[in-house]
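Each remark here refers to the structure printed beneath this line.
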Amino acid sequence: MSQKLHSTHSKLDGKQQGSQPSGIDWWHMLPLVQEPHRTPDIHWTPKGVIMAHPTKPLILLYPQPPNSSEKIIFPSDSGTMALSSFGPASVLSVSGSGEDVFAYFPVTNGSNSGLCCIWEKMILKQFWAVDQGEAVVNCWWLSGNPRQMVTDQSGRPKRLPRLGPELAIHSTLALILMEDFTLQLVCESSNPSKPDGPFDIVTASALRRTAHGTTKRPKGMNPYTGYICTRASLGLGYNASTILVAMQASLLPPPCLPLSETRFAGLGIPAATFITQPSNDDWEYTGTESAIRICEVSVARTSEKGWDIQTEPLSPIPHKMSAQLMHLQFVPKLHNESSAMSVDGTSQSDRYLVVATTEFGLFASTPKTEVSVYSLSKESGSSSTSKWNVHMESSRTFTEHAVFAIAPARPTYQAGTNLLLFSLLKLHGVDSSVSDRICLIDLPSLEDNTAHKAITLERHEAPSFIGVSPQGVHLVLRNLHAPSQLGYHAYPHTVSNEDKSLTDSLRNAILQALLGSQDLDNVLLIMKNLDYEAKLDLIDSVWALLDSESGGGGAARWMVEYIQVVLLIDRSSSDKALSHPNRSATALNLLSLPVAKSALSECHGKDHEASYHPDTFWPLSEMCGWIIEFTESILSAASQFYYSVPSDSATRTIDPALLVFLNQSLVSTWVDSLGYTLRFVKHVDVPKGTSIDSKTLVTRSVEDTLSQSPVNVSLLLEALKGLKIEAPISAADWRNSYRHLILPERLVKVAKDIMSQVLKPDVVSLLPLHVRMARLHLIPDEHATVERDIITKKPIADGDWPPPLGSGATCRRCRGKTMIDFSRSPSTSRWRLWELSFERCICGGRWKPYNGPN
């Protein structure tokens with residue numbers, strides 16, 4: 001199977017460049033060492049790829065990478081923010097969940113000030129301006145980072161330890177570092193309705209020990225005559241409460257030289273590290289420090305002060321004076337299972353710090369890059385003070401490639417296995433046999449990982465950034481020569497048995513996505529080179545692992561997700577003979593059943609006897625009508641099977657609707673839905689000030705549906721509650737029958753035994769039922785069934801669709817339609833709140849708002 005499964009590009013604006021250079025020259029590497037580093041990362045989260053526009057002050061979301069280049073622009077308060085005066089974001093930080101986003105936009109007039117913005121679920125929550133000398137260097141979210149899921153050698157799912165300090169589940173915390181070495185802890189305010197926004201800021205200095213943070217800005221070093229911070233990285237450890245911040249400092253000249261001239265005159269290269277002459281005739285060097293400053297940070301919440309921050313500067317880590325810093329990257333170390341994360345009186349490697357520097361020399365020879373790995377371990381004793389030990393583990397010099405990007409690799413459960421992704425671009429003048437590549441590097445040895453095959457790149461790809469998808473099966477690449485382009489590759493897989501490695505990788509990725517409640521679209525897309533049966537085999541292998549959870553019943557919990565995944569595979573299949581259209585229709589009905597139950601339960605009163613709110617009367621009557629239709633279709637299919645298939649029959653092709661009877665979870669949801677339907681008729685009350693006609697019309701509508709049905713719902717409910725199943729059906733047997741739409745002889749007997757307890761003359765009148773169902777098929781196909789809203793189940797009549805612009809949506813996956821207006825602001829209406837809870841379709845697909853005909 002090919003290593004490069006697919007590669008697509010997204011263009012933000014401008015034209016794709018034609019010819020590409022034959023190699024990397026020293027001037028291509030200047031942006032990596034410039035002060036400050038102004039190219040923010042790209043973040044691939046469960047919400048999609050989030051990135052800063054390369055030329056405009058915009059933040060973009062690509063919700064369906066890599067198969068779609070559609071993008072969504074984060075909203076902004078254009079009237080207040082006046083974005084026309086700001087440049088593209090120089091800092092972009094996104095939480096692991098993708099819900100919390102911070103961006104810093106510098107001004108374009110050279111005054112070295114800017115604007116900070118925070119979004120929560122794509123809603124702009126707060127923004128504030130920063131003054132000259134207070135530019136943001138970096139930001140990191142401490143909250144919203146779920147524990148990562150991995151698989152062990154046997155394929156069993158495991159959850160990695162917590163990364164970073166332990167925080168309350170609903171806490172929102174971010175740490176901001178400014179160029180004057182001020183640390184700002186952004187935390188939720190105790191007064192979320194305050195005028196300037198829902199967040200408070202607690203500050204401390206990274207240059208000196210701070211016992212307690214303050215809401216006032218500390219007096220740091222004068223940015224015009226002292227040091228400024230130009231680059232920083234955050235280091236978290238597994239189950240570690242302390243945070244490390246690594247910083248690069250630059251010495252500025254005295255005020256005799258304007259700040260704007262020194263900040264943007266190319267201070268990142270040795271030739272620009274110049275000498276100035278102050279008024280006292282003393283010569284003074286300016287430029288970057290040849291050391292990495294380290295600060296230990298702790299955050300805690302107290303009952304007296306709320307969130308607080310403490311800082312403790314540590315000894316700096318020196319590097320070669322002639323070298324320019326390119327990359328700073330912390331990597332947490334996973335300890336052996338048998339060893340504790342911290343042991344009093346002993347020293348354990350807590351995290352690694354990767355430092356990459358380059359030497360340009362006299363700019364007449366090829367630059368060389370040196371990468372070093374330092375282990376940082378905290379030594380804890382009986383005293384209240386703590387000591388950090390820093391040890392250089394290894395160093396490696398690259399002479400044929402420039403290290404253009406370093407990124408965290410997909411996490412692994414193997415203790416002692418720490419990996420990084422390197423983007424290595426061939427230098428100009430190097431032998432033509434050398435090519436651009438992306439490879440995995442072992443830590444702390446810095447040797448190429450021999451278990452994974454490196455990705456050989458085309459010259460035009462030239463990635464200056466690498467990101468890994470949440471499931472760990474894709475890479476996103478940003479083009480060095482055209483930053484507006486994104487490319488995609490499959491994650492490097494192992495050298496031995498490449499096809500098996502890919503299958504195992506996909507299986508583990510799907511498993512991790514399930515356990516982490518992530519989107520499966522990206523994982524399933526990479527299976528496009530597999531045939532239809534191979535895809536289903538892969539899905540079956542994932543659920544076979546889930547079978548072993550919770551004493552053998554773990555897969556039952558993921559029944560809805562299984563139906564969603566099979567539906568997606570069916571819908572994407574080009575061979576309609578294999579994809580079973582009848583199963584797709586049944587899948588949408590099975591997925592609608594818990595939706596109908598939730599509508600009737602969540603829109604009811606506070607207690608069992610309370611009435612329904614008036615705004616739910618008609619919508620819930622439509623839902624009750626759909627429940628009766630669903631019930632009739634299930635019983636009709638059951639009766640045809642019961643009376644036409646002998647009990648000793650061999651394997652027979654079946655209607656997938658029959659499998660409701662063989663699934664305890666579906667039967668339970670069906671029972672609840674029928675019970676709520678009967679209760680709805682009894683408890684529709686008349687609100688004060690409302691005509692009694694409202695109740696009469698609604699109850700008669702549902703009562704008429706019940707009375708006209710060949711099914712006695714009350715007796716059916718009792719029969720379903722009292723079902724006796726002598727031989728329980730395993731989850732694996734149910735999935736096998738659902739996949740192949742067949743029942744082996746053993747299950748035929750079980751199914752007929754169950755149906756015999758339901759298909760009784762007093763429960764269902766079979767002749768009227770068959771006549772009722774057959775009548776639908778006597779009408780032309782386009783009018784055989786009424787199209788319903790995929791969520792609310794309200795019939796979509798002629799003239800209802802297309803809806804007014806922006807008031808409806810279509811599912812990108814199943815093409816289901818809904819009339820829900822997601823653009824309207826929420827209200828106190830219980831029905832409206834229930835509608836807005838469906839951020840996705842019942843099949844798991846994303847919504848596409850209706851914006852007029854294509």
Side-chain angles (χ1 to χ4, degrees), residues 560 588-631 665-706 709 713-714 717 720 786-797 800 803 807-809 811 816-844 847:
V560 169
L588 292 176
N589 281 336
L590 298 183
L591 295 172
S592 296
L593 194 57
V595 172
K597 172 189 170 182
S598 71
L600 288 162
S601 60
E602 294 177 21
C603 294
H604 195 250
K606 294 182 179 179
D607 55 67
H608 184 74
E609 298 299 328
S611 62
Y612 288 87
H613 195 272
D615 71 343
T616 67
F617 286 176
W618 285 109
L620 289 182
S621 69
E622 303 285 3
M623 194 69 75
C624 291
W626 176 85
I627 292 173
I628 300 305
E629 285 186 10
F630 171 83
T631 299
S665 176
L666 289 174
V667 170
S668 177
T669 306
W670 188 15
V671 167
D672 292 340
S673 300
L674 291 173
Y676 280 120
T677 299
L678 296 178
R679 194 172 74 176
F680 174 76
V681 177
K682 297 177 182 178
H683 294 285
V684 172
D685 203 355
V686 181
K688 294 181 180 180
T690 305
S691 170
I692 196 171
D693 291 343
S694 175
K695 174 184 177 181
T696 303
L697 290 174
V698 173
T699 53
R700 283 185 178 176
S701 173
V702 180
E703 287 173 347
D704 287 348
T705 301
L706 293 173
S709 174
V713 176
S714 298
L717 188 60
L720 292 174
V786 177
E787 184 178 14
R788 288 182 178 266
D789 188 301
I790 194 69
I791 301 294
T792 66
K793 301 307 172 190
K794 178 182 179 181
I796 300 178
D800 289 342
S807 63
C811 175
K817 300 174 182 176
T818 183
M819 302 293 293
I820 298 176
D821 185 356
F822 292 101
S823 63
R824 282 174 46 204
S825 59
S827 66
T828 57
S829 164
R830 189 170 294 177
W831 176 259
R832 177 67 179 152
L833 292 175
W834 177 84
E835 283 185 329
L836 294 180
S837 67
F838 289 91
E839 297 181 354
R840 293 201 177 193
C841 179
I842 60 173
C843 71
W847 295 117

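Note that the structure is a prediction, hence the values are computed from the model and not measured. Counting from 1, the numbers follow the sequence of the chain as shown.
- The CG atom of Leu593 sits 5.5 Å away from atom OG1 of Thr669, with the distance rounded to the nearest 0.5 Å.
- The salt bridge (charged side-chain N to carboxylate O under 4.0 Å, His left out) check on Asp789 picks up nothing, with sequence neighbours excluded.
- Taking 4.5 Å as the limit, some side-chain heavy atom of Asn589 sits within range of a side-chain heavy atom of Trp626.
- Rounding to the nearest 0.5 Å gives a distance of 10.0 Å between CG of Asp672 and CZ of Arg679.
- Contact check for Leu717 versus Trp670: no side-chain heavy atoms found under the 4.5 Å cut-off.
- Remark: side-chain polar atoms of Ser668 are not paired, donor with acceptor, to backbone N or O of Ser665 under 3.5 angstrom.
- Under the salt bridge (charged side-chain N to carboxylate O under 4.0 Å, His left out) criterion, Glu622 pairs with no residue, sequence neighbours left out.
- A 4.5 Å side-chain heavy-atom check between Met623 and Ile791 finds every atom pair outside the cut-off.
- Contacts of Val595 classified as side chain to side chain contact (heavy atoms under 4.5 Å, CB included), with partners at least two apart in sequence or in another chain: Trp834, Phe838, Ile842.
- Summarising the geometry, atom SG belonging to Cys841 is positioned 5.0 Å from atom CD1 belonging to Ile790; distances are rounded to the nearest 0.5 Å.
- Cys624 and Leu600 get closest at one heavy-atom pair: SG-CD2, 3.9 Å.
- No side-chain heavy atom of Phe630 sits less than 4.5 Å from a side-chain heavy atom of Ser592.
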- Message: Under the criterion side chain to side chain contact (heavy atoms under 4.5 Å, CB included), I'd like the reasoning laid out for Cys603 against Leu620: C-alpha separation, chi angles, the key distance, then a yes or no.
- Response: CA-CA 9 Å; Cys603 294; Leu620 289 182; 4.1 Å; yes
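- Here Val713 pairs with Ile628, Leu674, Leu678, Leu706 under the side chain to side chain contact (heavy atoms under 4.5 Å, CB included) rule; sequence neighbours left out.
- Looking at residues two or more places apart in sequence or on another chain, you find no salt bridge (charged side-chain N to carboxylate O under 4.0 Å, His left out) involving Lys794.
- Qualifying salt bridge (charged side-chain N to carboxylate O under 4.0 Å, His left out) partners for Lys793, counting only residues two or more places apart in sequence or in other chains: none.
- One finds the CD1 atom of Ile796 at 6.5 Å from the CE atom of Met819 (value rounded to the nearest 0.5 Å).
- Contact of the Thr818 side chain with the Trp847 side chain is registered, since non-hydrogen atoms from C-beta on lie closer than 4.5 Å.
- For the atom pair OG of Ser621 and CZ of Phe680, the computed distance is 5.5 Å after rounding to the nearest 0.5 Å.
- Shown here for Leu591 and Cys843, the closest heavy-atom pair between the two residues is CD1-CA, 3.9 Å.
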